[in-house]
Chemist: 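Dumping the structure here so I can ask a few things about it.
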Amino acid sequence: MLAVLAAIPLAGVVVLSIREISSAVRQRTRIDEVELLADDAILIGELRTALVSERNWFLIERGLEEVQLPPGFVERVAEVDVVTELQAAREITDQLIVQLAARETVESTTASTLAASTLAESIRAVRTSDQNTPDVLEQYRSPQRLLDATSTAVFRELLRLAQNLPAGDGLARTVQVLEAAERSRVEVAVQQAAIYGTLFDLEQDLHSQYFILMDSDLAYQTSLDLMQERSDPDSRTIGALTDLNQDPDVQRFRQVVRDKVEEALANGYSSPEFTLSVLSDIITGFQVMFSASVASVEHHNILLAAAGDDLADVANDLESESNARVWEAGLIGGLFLLASGLAVFGAMRILVRPLNQLAQSAADLSSGNTHRLIPSTGPMEVRAAAGAIQAADANLALAQQQALALANGDLADPCLNATVRGNLGYSLQDAVTRLAETIKRNEEFSKRLEHEATHDSLTGIANRAASIEAIEAAIGAQTESGHPLAVMFIDLDGFKAVNDRLGHHVGDRVLREVSRRIQGSLRPGDHVGRFGGDEFVVVASKVSGLEEAVGLAERLVQAVCAVMMFDGVSVSVGASVGIAIGSVEDQAGPAQLLSDADLAVYQAKGLGSGRVEVCDDELRQRVAVQASLTEALRRGLDQDEFCVHYQAVISPDHNQLKSLEALVRWDRPGHGLLEASNFIEFAGHSDLIIEIDRRVLDIVSEQLDEWSSHPLLGKIPISVNISGRNLSSEGFVDSIIERVKNRGLDPARLTLELKENTLFENLGLHAPGLQRLRDVGIQIAIDNFGTGYTSLAQMRDLPIDILKIDSSFVRTVTRSSTDRDLIKMIMATGQILGATILAEGVETVEQAEQMIALGTDEMQGYLFSRSLPADELLDALGIDA
């Protein structure tokens, strides 16, 4: 009885110890389950990637068969053996299936559910299929979908197990990082497949391949962003992610993906015509892309391994913590049992009445009844035991109240701050305080993690992933409301200049202020998010129509364009907005709406800053026409469809030939010979104009070389029109000087013509290069002079030799005294600068006489000759070739 009586006050402690040990053992078991599932997830991810790689090589092999090229030809040109690579990919897939089957013997739930034998049979059926290529590629998707669904289920179960652990928040984050790492590796393989699909179009749905590429690129970037956000700064994952982002091959592969997406947006979704030139370009570029993609996959393997190691570290830490809890709980229980034994031994020495009273009190306490007060008489041991029973009663009652408060989440309950006397009381209070703080920190961390997962860290507004979800939600709400929605893409104008001039810290402040202004301009319920860099997206649901959407976009432009002040410095940026309207009838998804909005903002920026453009059928058609013309110009350059005609420049006094102007012509198949006005302005919006300028320079250089020994033409200079884009291109001046030296040409025989507006847009930048050209003897002419806004101050610093008076003045010289006065001013300015004055566009005798009277040095126009091929022009001028 005395032993039972002494053990009662310690019963609560023993129960707590046993409960702690049981909890720690359960936690360790769950950690083992997490590690087993993580191994399953990594194996399934490797199998997903291997199966996509096998499908990629099958697609390449069939693509080469479609264009009737033997695989050996590709091996010789691109150093890639397609047959060997396909066989190696199949062997890797088979090895991974064998590993998956082996995991069924270690009671892997995933392996049993996935059924490796069924999966292997499905893949063998695909490999031996005799169906056409699109059907076989579709058959590959069956095991892929099974693996995708299984991977999603495994990671969902992993996350559930981690979140149910008492301290599993760190483990849950590493599970999410591991899933993102596995997802990024699979997306690289998917992007390979989509790129090959766009090259060969064997699936007969090229439009879908480009959208798969865009969606995969978005999912890939989202995975990298999630790893960056969820990983600890000193983790292996961050190190591997940094190496991946800095690797040239990875960047090269990323650039291939972006180029493909931009090609789709710029040129439309059209498959290439497999000419020898196109096939050569594809095969030559294939080796570069192949090596870059292989390196990219290898880096993602390293990244996945790093994420797996981080998860293993966290799991090991939790397992060590569980073991420590078991040891500590056992130690505490043993100590208290020892103390109980000592108490029984002491109690056995007491045989007086207080012992019976103590026994009765203990019996009352054990039965849950209010026990009698223990008298303070009797042996010291009995009194001490009585006090211990009373203290244990108080401790257990307080522990029960505190446990109930913690279970209810009532962290403000006063009982949590109460403390009973003695070491046990202090220990209980310390444990309760720490547990309460841990619960509070976990709640705060969960809220912060939830916020960071859906918000941009710089501006505090929604991020890319949350914005895509907002579009999906708005599309879903259309079913009930029936109202259209507007997706707006906002691209800042001049933001790069702010970063370059004032620094990124000011650029960050600008982005925060812009996001605040956009939020202040929206309607209640509208969504704004930052898509990356200086790009924002707005989702306006339930708009009444296009007019309301355009009005909202114009308000956004006005809000963003207002001047900002930072530390006394005035900062200004603009905004271009592209709008895509979605209706219930269209059934357009988020990717389509974002693509249309991006297309519209691209159009807006191309037309100038601060514009609002709407994506409609006309815009899509215009983009398609532009893409067709761009492709035709590229093909024209490749097929040598451009030629040069020449127009004579005549001296007014002796009607002698002074020089020739080279004018480009395009012999476009199906359209005839086109003058420059039909394509030069369009080409000027891209680098195509640079290639055209260089082609004309090559033709003129050859002509100058051919005429170098001619008695008359050997001294006649030829002028070539140069675009502003070419003038601004790197190495332009050096290339002109090198071309003249390599051909041994007299520099004085070459004149470069620049339009007035082009030259004066950035005279300070262009003037030194033009002076270098003049220093070697090449002449500089300003074309269309008088149509721009050149100031006298600019004219003073102008490095020119020839001023060409625009034909608009020449046409009215015989009937407008104002134009005659303007021509006099132009001539006076040119004479002050020491420049030759040339009147262009002279078509009548009266115009020629008037220009001669005003003092022109040279004339050019249909009155003297039209632009003709070199041999026809010489015949027209009566010059013996």
Side-chain angles (χ1 to χ4, degrees), residues 644-652 656-664 676 680 689 692-708 710 712-724 726-727 732-760 763 766-767 769-786 798-807 826 830-831 833-842 856-861 864-865 867-868 870 873 877:
V644 171
H645 287 189
Y646 298 91
Q647 188 175 32
V649 176
I650 304 299
S651 64
Q656 293 180 340
L657 178 66
K658 299 292 291 183
S659 64
L660 298 172
E661 180 179 2
L663 300 169
V664 65
I680 282 294
I689 190 64
I692 294 174
D693 284 354
R694 291 176 181 174
R695 183 65 52 85
V696 173
L697 279 168
D698 288 338
I699 296 173
V700 170
S701 297
E702 292 176 1
Q703 191 65 70
L704 287 171
D705 191 25
E706 180 182 339
W707 285 343
S708 59
H710 193 281
L712 174 60
L713 300 177
K715 300 296 183 180
I716 296 297
I718 299 178
S719 63
V720 179
N721 291 279
I722 300 298
S723 67
N726 207 343
L727 183 62
F732 167 72
V733 173
D734 291 333
S735 67
I736 295 295
I737 296 175
E738 183 179 356
R739 178 183 276 102
V740 171
K741 289 182 178 179
N742 290 344
R743 289 186 175 273
L745 299 176
D746 180 4
R749 297 180 62 201
L750 180 62
T751 301
L752 301 182
E753 286 193 21
L754 302 160
K755 292 188 182 299
E756 181 185 8
N757 290 339
T758 298
L759 181 60
F760 288 101
L763 181 59
H766 300 324
L770 295 178
Q771 188 59 53
R772 283 183 58 201
L773 293 171
R774 294 185 74 207
D775 290 342
V776 300
I778 297 173
Q779 296 191 86
I780 306 298
I782 300 182
D783 196 9
N784 304 120
F785 191 79
L798 191 62
I800 61 165
D801 300 285
I802 301 170
L803 273 181
K804 299 184 70 172
I805 300 175
D806 189 71
S807 59
I826 293 172
Q831 290 167 358
L833 297 174
T836 299
I837 308 301
L838 191 158
E840 57 182 348
V842 178
T856 187
D857 297 316
E858 297 174 352
M859 293 183 293
Q860 176 184 1
F864 311 106
S865 75
S867 58
L868 298 168
L873 178 66
L877 296 175

Chemist: Check Ala781 against Thr751 and note the closest heavy-atom contact, atom names and distance.
Modeler: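 That closest heavy-atom pairing would be CB-CG2, 3.9 Å.
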Chemist: Contact between Leu750 and Val740 at the side-chain level, heavy atoms closer than 4.5 Å - yes or no?
Modeler: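 The answer is yes, as the side chains (C-beta and beyond) meet within the 4.5 Å cut-off.
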Chemist: Go through Lys804 and Glu661 one step at a time and tell me if the salt bridge (Lys or Arg N to Asp or Glu O under 4.0 Å) criterion holds.
Modeler: CA-CA 12 Å; Lys804 299 184 70 172; Glu661 180 179 2; 3.1 Å; yes
Chemist: So, applying side-chain contact (heavy atoms from CB on, under 4.5 Å) with Phe785, which one of Ile802, Ile805, Ile826 is it?
Modeler: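 Checked Ile802, Ile805, Ile826 against Phe785; only one passes side-chain contact (heavy atoms from CB on, under 4.5 Å): Ile826.
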Chemist: Indicate yes or no for a side-chain donor-acceptor contact from Asp857 to the backbone of Ile837 under 3.5 Å, with no hydrogens or angles considered.
Modeler: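 Checking the backbone N and O of Ile837 against the side chain of Asp857, a donor-acceptor pair under 3.5 Å is found.
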Chemist: When rounded to the nearest 0.5 angstrom, what is the spacing between CG in Leu873 and CG in Leu660?
Modeler: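 Going from the CG atom of Leu873 to the CG atom of Leu660 covers 6.0 Å.
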Chemist: At their closest point, which heavy atom of Leu877 faces which heavy atom of Ala648, and how far apart are they?
Modeler: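 Nearest pair, atom of Leu877 first, then Ala648: CD1-CB, 4.1 Å.
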Chemist: Using a strict threshold of under 4.0 Å (side-chain N to carboxylate O), is an ion pair present between Lys715 and Asp746?
Modeler: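 Looking at Asp746 and Lys715, the cut-off is not met.
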Chemist: Side chains of Ser807 and Glu840: any donor to acceptor distance under 3.5 Å?
Modeler: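 Short answer, no.
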Chemist: Looking at CD1 of Ile782 and CG of Leu803, how far apart are the two atoms once the value is rounded to the nearest 0.5 Å?
Modeler: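 One finds 5.0 Å between CD1 of Ile782 and CG of Leu803.
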Chemist: Taking Ile722's backbone N and O only, do any of them form a donor-acceptor pair with Asn726's side chain (distance below 3.5 Å, no angle check)?
Modeler: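 Not a single qualifying donor-acceptor pair exists.
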Chemist: List the steps, then state whether side-chain hydrogen bond (donor to acceptor under 3.5 Å, both in side chains) holds for Asp693 with Ser723.
Modeler: CA-CA 7 Å; Asp693 284 354; Ser723 67; 2.9 Å; yes
Chemist: Compare every heavy atom of Ala662 with every heavy atom of Val720, then report the nearest pair and how far apart it is.
Modeler: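 Looks like CG2-CB, 4.4 Å.
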Chemist: With a 4.5 Å limit on heavy-atom distance, are the side chains of Phe864 and Val649 in contact?
Modeler: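 With C-beta onward as the side chain, the pair stays apart.
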Chemist: Determine the minimum heavy-atom distance between Arg749 and Ile716, stating which atoms define it.
Modeler: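 The answer is NE-O, 3.9 Å.
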Chemist: So which atom in Asn721 and which in Glu753 form the shortest heavy-atom distance, rounded to 0.1 Å?
Modeler: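 That would be OD1-OE1, 3.1 Å.
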Chemist: What do the steps show when you test Gln779 against Leu752 for side-chain contact (heavy atoms from CB on, under 4.5 Å), and what is the final call?
Modeler: CA-CA 6 Å; Gln779 296 191 86; Leu752 301 182; over 6 Å; no
Chemist: So among Ile800, Asp775, Leu754, which one has a side-chain contact (heavy atoms from CB on, under 4.5 Å) with Leu770?
Modeler: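 Testing Leu770 for a side-chain contact (heavy atoms from CB on, under 4.5 Å) against Ile800, Asp775, Leu754 leaves exactly one candidate, Leu754.
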Chemist: Measuring from atom CZ of Phe732 to atom CZ of Arg694, what distance do you get when rounded to the nearest 0.5 angstrom?
Modeler: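 Taking CZ in Phe732 and CZ in Arg694, the distance rounds to 8.5 Å.
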Chemist: Report the residues that fulfil side-chain hydrogen bond (donor to acceptor under 3.5 Å, both in side chains) with Ser867, sequence neighbours left out, ordered by chain and then residue number.
Modeler: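 Arg665.
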Chemist: Look up atom CG in Leu713 and atom OG in Ser708, then write down how far apart they are to the nearest 0.5 Å.
Modeler: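 The distance works out to 10.5 Å.
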Chemist: Could I get the full list of salt bridge (charged side-chain N to carboxylate O under 4.0 Å, His left out) partners for Asp801, not counting sequence neighbours?
Modeler: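 By the salt bridge (charged side-chain N to carboxylate O under 4.0 Å, His left out) rule, Asp801 matches Arg774.
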Chemist: Check Ile737 against Arg772 and note the closest heavy-atom contact, atom names and distance.
Modeler: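 Nearest heavy atoms, Ile737 then Arg772: CD1-NH2, 3.8 Å.
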Chemist: Drop me the distance from Ser719's OG to Ile778's CD1, to the nearest 0.5 angstrom.
Modeler: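 Between atom OG of Ser719 and atom CD1 of Ile778 there are 13.0 Å.
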Chemist: Hey, does Leu663 have a side-chain heavy atom less than 4.5 Å from the side chain of Gln647?
Modeler: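 Yes, at least one pair of side-chain atoms sits under 4.5 Å.
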Chemist: Can you tell me how far apart CG (Asp698) and CZ (Arg743) are? Round to the nearest 0.5 Å.
Modeler: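 Reported value, rounded in 0.5 Å steps: 6.5 Å.
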